[in-house]
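Note on naming: letters A, B, ... go to the chains in the order of the sequence lines (proteins, then strands), and numbering restarts at 1 for each one.
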Protein chains: 2
Amino acid sequence: MDIISVAIVEDNHDIRTAMELLINGSDGYACVGTFNNGETAVEQIPNLLPNVALMDFNLPGGMNGIECIARLKAEHPDMQFMMLTVYEDDDKIFQALEAGASGYILKKTSPGELLEAIRDVHEGGSPMSSQIARRVVAYFQKQAKPNPALEALTSREKEILDQLSKGFLYKEIASNLYISIETVRRHVHNIYEKLHVRSRTDAVNKYYNR
Amino acid sequence: MDIISVAIVEDNHDIRTAMELLINGSDGYACVGTFNNGETAVEQIPNLLPNVALMDFNLPGGMNGIECIARLKAEHPDMQFMMLTVYEDDDKIFQALEAGASGYILKKTSPGELLEAIRDVHEGGSPMSSQIARRVVAYFQKQAKPNPALEALTSREKEILDQLSKGFLYKEIASNLYISIETVRRHVHNIYEKLHVRSRTDAVNKYYNR
DNA sequence: AATTACTTAACACGAAAATGTGATACCAAA
DNA sequence: TTTGGTATCACATTTTCGTGTTAAGTAATT
């Protein structure tokens, strides 16, 4: 079994050393660096090239864990990042994932599970507590629910709205659908009424459920 | 500990009875119904009201597991659905999650883990194998790639574009940002030039990376 | 047969957006 | 110091958009 090299970015001294001891004390794991702030982490981690970096969210100085991941991931796409934090808010979770974190686990996770998660993320998995996973899943389900107001539109109106969303001028829509501009106007007017909006951008935003 | 009632929708007879035996043979779990096709499942499950429904993907007849979930979830939002399948394709995973599945595990999962996953999904988690989770995470990272053209915008221009995307009139943007309409117009003009678009909607589409 | 909903179309008015050009001021980098 | 980028404001003109009103043909429903 190969040894997984790990870097730790965590401002709390006690937690940091505890994790370092855990990792260095476990077969198959080696802690190659610890950092208490984002700036030095971004500077030094490219020299260490750990397999996995554990990231806290809050860090002293201007850089938080998210930004730290984003910068390192951009230069080292193969490096695996795992958030290790106390936060369960949707915003922070999604930001971390977008920034390039592959795993997201809470600090209350047991040492054994932490080690397992490190191995998991190194082997191509995405360990996350099932509460975190539920947030992520909820995101998909939210995405999926189309605005019920759209159901009130006729199929022609949906077609027009789709054209609107693509930024076509009325004259272009008219030409695309082989109808007159006046008819386009009419449809648009009806669409706005049904969606309770007064502008194209608002209509498109409803179309995309924002 | 409360007993978790489970329904199984699975066309393979051997797998179905094996799962039924597993569930009924374990403390804290009860299998209240098994179905070998989607139609009867959709018809009967509302009478059984199980806590958790396990769903296979492929089912005989016109209805697959995804559609089955979508229909039942619409009527019973509190019921928990878990896909139990052999498929690992992105499409099927995302479709299942959008339809309302909260968990997604593979059939190769061990009996012990399956029971654990059933409890997990019942308690508000979203159990999924970490390979599945990685697919989901990759979706976020893909989503995150901002249009590089946006980088050319100054911070003020991004601010204006954000206002544009929310559908504000020029006069409203001017008032929101404490500048004159003329300045708004100038910024918008520069934004359009940089993004190579000629309308608000096109600019907003680029902003949202479509 | 009458009603309702959808699609099509036209005209007119005012508001808003887009285009084009010119100009001033600040700040930081060359 | 000059240059370049950014932010600011102004004026004139044209185009597009949003709204109100009216109306005819079609298809489905009652």
Side-chain angles (χ1 to χ4, degrees), chain A residues 39 42-43 61-63 67 70-71 74 146-210, chain B residues 146-210:
Chain A
E39 285 78 3
V42 166
E43 190 186 321
M63 198 182 301
E67 193 179 338
R71 294 210 188 181
N147 193 320
L150 294 182
E151 302 307 314
L153 300 182
T154 69
S155 62
R156 193 57 156 176
E157 285 165 351
K158 286 179 192 164
E159 207 172 351
I160 301 275
L161 179 52
D162 184 67
Q163 296 270 310
L164 283 178
S165 78
K166 295 189 168 70
F168 290 120
L169 300 177
Y170 286 5
K171 65 163 72 167
E172 293 171 328
I173 297 175
S175 142
N176 291 343
L177 302 184
Y178 305 106
I179 55 179
S180 90
I181 286 192
E182 296 305 324
T183 306
V184 175
R185 288 175 166 301
R186 163 88 295 185
H187 285 308
V188 170
H189 186 258
N190 290 338
I191 290 167
Y192 287 4
E193 248 182 6
K194 288 183 180 175
L195 298 187
H196 307 296
V197 298
R198 327 181 49 78
S199 76
R200 175 196 287 242
T201 306
D202 285 340
V204 172
N205 280 340
K206 286 220 168 181
Y207 184 55
Y208 287 118
N209 202 19
R210 272 194 300 268
Chain B
N147 192 319
L150 293 183
E151 301 306 315
L153 300 182
T154 69
S155 62
R156 192 57 157 177
E157 285 164 351
K158 286 179 194 165
E159 209 171 349
I160 300 275
L161 179 52
D162 183 66
Q163 296 272 309
L164 283 177
S165 77
K166 296 189 168 70
F168 289 120
L169 301 178
Y170 286 8
K171 67 165 72 166
E172 293 171 329
I173 297 174
S175 141
N176 291 343
L177 302 184
Y178 305 105
I179 55 180
S180 88
I181 286 192
E182 297 303 323
T183 306
V184 174
R185 290 184 348 93
R186 162 59 70 185
H187 284 308
V188 171
H189 183 259
N190 291 337
I191 291 168
Y192 286 6
E193 245 180 10
K194 288 183 180 175
L195 299 186
H196 307 295
V197 298
R198 346 183 23 83
S199 75
R200 176 196 284 243
T201 307
D202 284 341
V204 172
N205 280 339
K206 288 223 168 182
Y207 183 57
Y208 286 118
N209 201 21
R210 276 193 300 265

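Helix bend of the helix from dA1(C)-dT30(D) to dA30(C)-dT1(D): the angle between its two end axes, each built from five pairs, comes to 40° after rounding to 10°.
The side chain of S180(B) places an N or O atom within less than 4.0 Å of a non-bridging phosphate oxygen (OP1 or OP2) of dC9(D). Here Y192(A) reaches the OP1 or OP2 of dG18(D): one of its side-chain N or O atoms lies under 4.0 Å away.
Each of T183(A) and K194(A) has a nearest nucleotide on DNA chain C; the 5'-most of these lies closest to K194(A).
Not counting sequence neighbours, the partners of R186(A) by the side-chain hydrogen bond (donor to acceptor under 3.5 Å, both in side chains) test are H189(A). Residues forming a side-chain contact (heavy atoms from CB on, under 4.5 Å) with S175(B) (at least two apart in sequence, or on another chain): none. Residues meeting the side-chain hydrogen bond (donor to acceptor under 3.5 Å, both in side chains) test with E193(A), sequence neighbours left out: none. Applying the side-chain hydrogen bond (donor to acceptor under 3.5 Å, both in side chains) criterion to T201(B), with sequence neighbours excluded, gives no partner residue. In this structure, the side-chain hydrogen bond (donor to acceptor under 3.5 Å, both in side chains) partners of K194(B), at least two apart in sequence or on a different chain, are E157(B).
By the 4.5 Å heavy-atom criterion applied to side chains, I179(B) and R156(B) are counted as neighbours. Between V204(B) and V204(A), every side-chain heavy-atom pair lies at or beyond the 4.5 Å cut-off. Side-chain contact between N190(A) and I160(A) is absent, with no heavy-atom pair separated by less than 4.5 Å.
Here the CD atom belonging to Q163(A) is positioned 4.5 Å from the CG atom belonging to L177(A), to the nearest 0.5 angstrom. If you take CD1 on I191(B) and CG on L150(B), they are separated by 10.0 Å, rounding to the nearest 0.5 Å.
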Take E39(A) and E43(A) through the test side-chain contact (heavy atoms from CB on, under 4.5 Å) and record every step on the way to the result. CA-CA 6 Å; E39(A) 285 78 3; E43(A) 190 186 321; 5.9 Å; no
Please list, one pair per line, the donor and acceptor atoms closer than 3.5 Å that link side chains of residues 165-174 of chain B to other protein atoms, with sequence neighbours excluded.
{"unit_1": "S165(B)", "atom_1": "OG", "unit_2": "D162(B)", "atom_2": "O", "d": "2.6"}
{"unit_1": "K166(B)", "atom_1": "NZ", "unit_2": "D162(B)", "atom_2": "OD1", "d": "3.1"}
{"unit_1": "K166(B)", "atom_1": "NZ", "unit_2": "D162(B)", "atom_2": "OD2", "d": "2.5"}
{"unit_1": "E172(B)", "atom_1": "OE1", "unit_2": "L169(B)", "atom_2": "N", "d": "2.8"}

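The salt bridge (Lys or Arg N to Asp or Glu O under 4.0 Å) pairs that include a residue from residues 196-209 of chain A number zero, where partners must be two or more places apart or lie in different chains.
The heavy-atom pair separating A203(A) from Y192(A) by the smallest distance is CB-CE1, 3.8 Å.
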Grab the N/O contacts between the protein and nucleotides 20-26 of chain C below 3.5 Å, and write none if there aren't any.
{"unit_1": "dG20(C)", "atom_1": "O6", "unit_2": "R185(B)", "atom_2": "NH2", "d": "2.8"}
{"unit_1": "dT21(C)", "atom_1": "O4", "unit_2": "R186(B)", "atom_2": "NH2", "d": "3.0"}
{"unit_1": "dG22(C)", "atom_1": "O6", "unit_2": "R186(B)", "atom_2": "NH2", "d": "2.6"}

Can you tabulate the close N/O pairs, meaning under 3.5 Å, that link protein atoms to atoms of nucleotides 27-30 of chain D?
none

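One interatomic measurement links the two molecules: CG of N190(A) to P of dA5(C), which rounds to 13 Å at whole-angstrom precision. Residue H187(B) contributes atom NE2, which lies 16 Å from atom P of dG5(D) at whole-angstrom precision. For I181(A) and dA10(C), the CD1 to P distance is 10 Å, given to the nearest whole Å. Taking atom CD on E193(A) and atom P on dG18(D), their separation rounds to 14 Å, with Å as the unit.
Scanning residues 152-174 of chain B for heavy-atom distances under 4.0 Å to DNA chain C yields L169(B), Y170(B), K171(B). Residues from residues 198-206 of chain B placing a heavy atom under 4.0 Å of any atom in DNA chain C, listed by number, are R198(B), S199(B), R200(B).
Results of the side chain to side chain contact (heavy atoms under 4.5 Å, CB included) test with V188(B) over L161(B), L164(B), T183(B) single out L164(B) as the only residue that passes.
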